[in-house]
Amino acid sequence: MKVRTRFAPSPTGNVHIGNMRAAIYNWLFARHMGGEFLLRVEDTDIERSTPEAIKALLDAMDWFGLDIDGEPLYQTTRQQAHLEAAEMLLAKGLAYKEDKGGTGQGECVIFKMPGTDSSFVDGIKGEMTKKAENMQDFVIVRSNGTPVFHLANVLDDIEQGITHVIRGDDHVENTFRHIALYKALGADVPNFAHLPMIVNAQGKPYSKRDGDAFVGDFRDKGFLGDALFNYLALLGWSPGDDREVMTRKEMIEAFTLERCQSSAAQVDLRKLTWMNGEYMLKLSREEFDAIAFQALETAGIDAEPEYAEKVFGLVRERVKTVADIVPMVGYFFTEDFEYDEKAVRKKLQKDGVVEVLNQVKEIFQSLEVFNEATTDKALHDFVETSGLGFGAVMAPVRIAVSGIQSGPDLFPLLAVLGRSRTIERIDRTIDQFLQ
Ligand code: GLU
């Protein structure tokens, strides 16, 4: 039988990383098994399932490259079928009507639990059982005539021919009810696998309060979809060896439910940042430049392409997230860059610095050619002949041309800035801070 999995989110506008991890596992499992991965939008909560919320969800899937088989199924289009199934259960005596609470507001349809113990083998958690006395009858159609989640979810899984339901373990309790519904509806019970929660350092469900919890937050912070995908794939699953940065193909090949862990998975943002840096390094020069140009554009920075490409080349190996780019390269594109106050105080406003900068300026002016090799040699010669320390020369030069103490290697940086910009910046720094 062909494996069919699905992602069945209830769109709310914000897509939690826990939901996306469920989508990723369903996708990886389907692709590993040569099966199909479907999407069902559980949009019955009319207030929250707005077109914007649905778009946010589809965008998140797109960003992660989660391609679906067939068309998405929108649960609201199935209401008639859900109500007909409830009628059928009533007709068979497997459900009954009751005015819950006796409020006179009308009757709900209630599903009758079979009154026997229930068990299933969870693909991740193993054997799960529940005693008959701990399972109560439950509402499947509200008194206002709308179907309840349990009924809609099970009927749509039957409709979509789902063979494996992989979802968060907040649904374990529901699964006992769902199994009874499958049986009452005369349908095959699918395989279930419940993923452990994603938790914070205190072991509590990871939420907005713990930091970024929604896919959009990570996107805004400059993470790459591929890196977050890889990180989430490993948040509760391991390939069985120590591989961490993996291609899609490798993840698909290695993915099995047996290798999913049953204990809660803890978010580690440092690890995610590291992994994102690895993905940034894997980008081709063209891909990196395209992302960097986009970042400049968003920041309203106008950049001459040839110059900008040289600048990107200086920083690309240091960039961990897309959001690092603008702060790292900003000073290349404006003469109005900010100076780090502490750097100015500690490294510039000291005896002798003005003389050093003036001498460096003269050396630069006298160079026949101004490039990485010539500036490197000239400043090293100057350090030697002047008897000054290396840092006493390089630090003021760096701060004068960039405003900050850290950044790419100084000589390639000077070469990209070029002679006239470098000299103008040294002059301006002297005027501004050392007069
Ligand atoms: N809409 C439900 C949720 O997002 C579906 C759960 C399931 O995968 O069955 O929690």
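Computation of the quantities below employed the complete heavy-atom set of this structure, encompassing side-chain atoms and omitting hydrogens, waters and symmetry-equivalent molecules. Index from 1, following the sequence. In this text the structure is predicted, and so the values were computed from the model without any measurement. In each ligand, atom 1 is the first atom listed, and ligand 1 is the first ligand listed.
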Over 12 foreign heavy atoms within 6.0 Å of CG, Asn134: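 Yes, CG of Asn134 has more than 12 neighbouring heavy atoms, counting only those of other groups under 6.0 Å.
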
query: Salt bridge or not for Lys342 and Asp340, using N-O below 4.0 Å?
result: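 Judged by the 4.0 Å cut-off on N to carboxylate O distance, Lys342 and Asp340 do not form a salt bridge.
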
field: Polar side chain donor-acceptor pair, His16 to Asn19, under 3.5 angstrom
entry: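 No.
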
message: Assess, by modelled atom type and distance only, whether the side chains of Tyr339 and Thr429 contain a donor and an acceptor separated by less than 3.5 Å.
response: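 Yes, Thr429 and Tyr339 have a side-chain donor paired with an acceptor closer than 3.5 Å.
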
field: Protein residues that have a heavy atom under 4.0 Å from any atom of ligand 1, sorted by chain and number
entry: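 Around ligand 1, where the cutoff is 4.0 Å for heavy atoms, the contacting residues are Arg6, Ala8, Pro9, Ser10, Glu42, Phe149, Asn153, Arg167, His171.
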
message: Is the ring pair Phe337/Tyr331 parallel, tilted or perpendicular, if the boundaries are 30 and 60 degrees?
response: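 Ring orientation, 0 to 90° scale: perpendicular.
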
query: Do the ring planes of Phe223 and Phe218 sit parallel (below 30°), tilted (30 to 60°) or perpendicular (above 60°)?
result: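 Answer is perpendicular, since the angle exceeds 60°.
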
